[in-house]
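Convention: sequence-line order gives letters A, B, ...; per-chain numbering from 1.
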2 protein chains.
Amino acid sequence: MKRPTLEVVAARAGVSKSSVSRVINGETTVAPQIRDVVMRAVHELGYVPNGAARNLVTRRTDTLAVVVSDPPQGVVSDDPLFSAVVRAVSRELEAAGKRLVLMLAESDQSRTRVEQYVAGGHVDGVMLVALHGTDPLPAALARQGLPLVSFNRTSAQDVPYVALDNAGGAALAVNHLLQRGRRRIAAITGPLDLYEARERLDGYRQTLRDTGRRSIVALGDFTRASGAEAMRQLLEDDPDLDAVFAANDLMAIGALRTLHQAGRRVPEDVAVVGFDDIEAASYTSPALTSVRSPMADQATAAVHLLLRLIEGGPTDPVIMPNELVVREST
Amino acid sequence: MKRPTLEVVAARAGVSKSSVSRVINGETTVAPQIRDVVMRAVHELGYVPNGAARNLVTRRTDTLAVVVSDPPQGVVSDDPLFSAVVRAVSRELEAAGKRLVLMLAESDQSRTRVEQYVAGGHVDGVMLVALHGTDPLPAALARQGLPLVSFNRTSAQDVPYVALDNAGGAALAVNHLLQRGRRRIAAITGPLDLYEARERLDGYRQTLRDTGRRSIVALGDFTRASGAEAMRQLLEDDPDLDAVFAANDLMAIGALRTLHQAGRRVPEDVAVVGFDDIEAASYTSPALTSVRSPMADQATAAVHLLLRLIEGGPTDPVIMPNELVVREST
DNA sequence: CTCTGATGAGAAAACGCTCCCTGAGAACCG
DNA sequence: CGGTTCTCAGGGAGCGTTTTCTCATCAGAG
């Protein structure tokens, strides 16, 4: 079961270790004849280079870490975002011939372990998904001096990032509601220590302000239940509202349910817009109008940014556009 | 930016490399006094052991691979399953102090790369998620002689696995429908080259056979659209049916839509049961009754099985129980 | 026929760590 | 008090690669 080493291959092919190494790494300065005899030996023995030995001398690992920093009950690792991101990243790295180490940092202890791991030279670069403005990890990783990109805007300075146009997306949603003739447009916001939530709220507020209207805001925490509760609150505060913008789809789905229970028709009495356009948005009845967050594209862009960074290329931030998907709820 | 090595730490502490190594690895045969002086040097220098060098000599990496083998449009990597599994595995490995390398094998080329990677000694073990009966990867990986477990039943011999009781779950669903007084119970099945689909169909068939009833089956491919189409087919074939068992929730959701369009009331005219109990199952109206697949628990069990295997422990297959979650659709 | 410059192969030195082995000194025993 | 055992630190040999440097060979120029 012991795997053959470079030395064994060399002996079998009747050449030196150096030559085998050169062939394996595709160097051009090797005679075709030697190439062939080496390749034959490689195949016969089923030789595969030992990763650790190679890493040790080259200082490269062809492995990148994706760090998702989030409390256990956190929003980042919720299905839609998490899965789309991980899958897109994985595909992109596969295409680039790199490997993916996935690390969830859900506690201070695990954050420390992430730092240790990164410091241990196990990876060539890090892609960070951390939505909390107060998260200390971005800055800590930045200090390590390894290539680092953030999946979104971050508190740490000088960390290249890819960002969604959250404010713009919210504006898109609100303008759509205005165009539909809605006058009293309420919002259900997410936890305000998250960039996403803050920026979406800002976009909503700004758009209403620009048209001389008043904001009506209820606070949610990005869960369906909180959306339902926030909707109850809103109906109580302002029974005449005729539209709701929810900062994500889960809360919008919760709001739909409350509206249904309260006997309001959607969209006739109250129009509802969500944000993210998750899979479930198209399953509800009425199907939910939503601002599409191109998570997968964003992840792909972040990977490219990281790969460029590793190669020493330019690292300008990337802003992803978003679009409104109009369905039955507006 | 160059990180300190063991040698530098040893020099600083005024001891030998061996002693520093012993301290780092928590060996007990070292005097408290030496321990302290070494620890101080470690902290002062911010020393972190180089992973590659350590791997090279110990032959361990504390890293496990999770390989998801599936065509690009495949079902495995669909949100609910994928995300739950990856997250559960990640948490479990984190708790065990191991790292996770995630590999999606979506083509023959990437399957080869997986084999190479595993052969390169980068990981201590592999957890495989491969649902296709014809997938060659399980056998190929088994041949490598590395600890290997499968997330589900697999075609390769002697690979320890964790499995869902798919047939039992289907029986649960069908019996529930019978208890509700349903007489003509149809099924929408998934692609039959998947274990999941085959076993669920078998469970459905067997249960009906046991009670002397006829099966009515339409073929889907685990997508929502195919569920809708299969439901149309079923209504045409047997307009009198009063219940449907769908082999997964997405198809059940598609079926709900078709039934709604056809003017059948759920559950009054037709009862519907899904399988998996994905998040979206509770968002539909009427909310979907479904057989809960404990994906996260299954993943956790698979990780434990793999860890046991690595330590040389017993490797009996594990069968996960499932339960019926009754909602409005039955 | 000698000299120069390419070309390409081999020898050997790292890379940073673990772990076996040796030996110094302390502890214990008769 | 000599001998044996025990404890614990240090020396140094690897682990399997890459890579630098040296050197042999050969073609072509003078």
Only pairs under 3.5 Å count here: list side-chain donor-acceptor contacts from residues 8-16 of chain B, not counting sequence neighbours, and write none if there are none.
residue : atom : partner : partner atom : Å
B/R12   : NE   : B/E44   : OE1          : 2.9
B/R12   : NH2  : B/E44   : OE1          : 2.7
B/S16   : OG   : B/S18   : N            : 3.4
B/S16   : OG   : B/S19   : N            : 3.3
B/S16   : OG   : B/S19   : OG           : 3.4

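- Remark: C1' of D/dT17 and CD of A/E27 are 13 Å apart, rounded to the nearest angstrom.
- For A/A139, the side-chain contact (heavy atoms from CB on, under 4.5 Å) criterion is met by A/R143, A/A156, not counting sequence neighbours.
- Applying the side chain to side chain donor-acceptor pair (under 3.5 Å) test to pairs two or more places apart or on separate chains, those with a residue in residues 92-102 of chain A are A/D62-A/K98, A/E92-A/H304.
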(request) Assign a letter to each nucleotide of nucleotides 5-16 of chain D from its 5' end: B, base within under 4.0 Å of a protein heavy atom; S, sugar-phosphate only; -, no contact. (result) ---SBBBB--BB
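- Remark: A/D193 engages A/H132 in a side chain to side chain donor-acceptor pair (under 3.5 Å) (not counting sequence neighbours).
- Checked against salt bridge (charged side-chain N to carboxylate O under 4.0 Å, His left out), A/D108 has the following partners two or more places apart in sequence or in another chain: A/R111.
- With sequence neighbours excluded, no residue satisfies salt bridge (charged side-chain N to carboxylate O under 4.0 Å, His left out) with B/E115.
- Taking the screw axis at each terminus of the helix from C/dC1-D/dG30 to C/dG30-D/dC1 from five consecutive base pairs, the angle between the two is 50° to within rounding of 10 degrees.
- Considering only residues two or more places apart in sequence or on other chains, A/A299 meets the side-chain contact (heavy atoms from CB on, under 4.5 Å) condition with A/V85, A/A88, A/V89, A/F151.
- Annotation: side-chain contact (heavy atoms from CB on, under 4.5 Å) contacts of B/T29 (sequence neighbours excluded): B/R22, B/E27.
- Contacts of A/N55 with the nucleic acid, taken as non-hydrogen atoms under 4.0 Å apart, are absent.
- Mapping heavy-atom proximity under 4.0 Å, the span of DNA chain C touched by chain A runs 5' to 3' from C/dG8 to C/dG16.
- With sequence neighbours excluded, the residues satisfying ring-ring contact (aromatic ring centres under 6.0 Å, His included) with A/Y117 are A/H122.
- Using a 4.5 Å heavy-atom threshold, the side chains of B/L64 and B/V123 count as separate.
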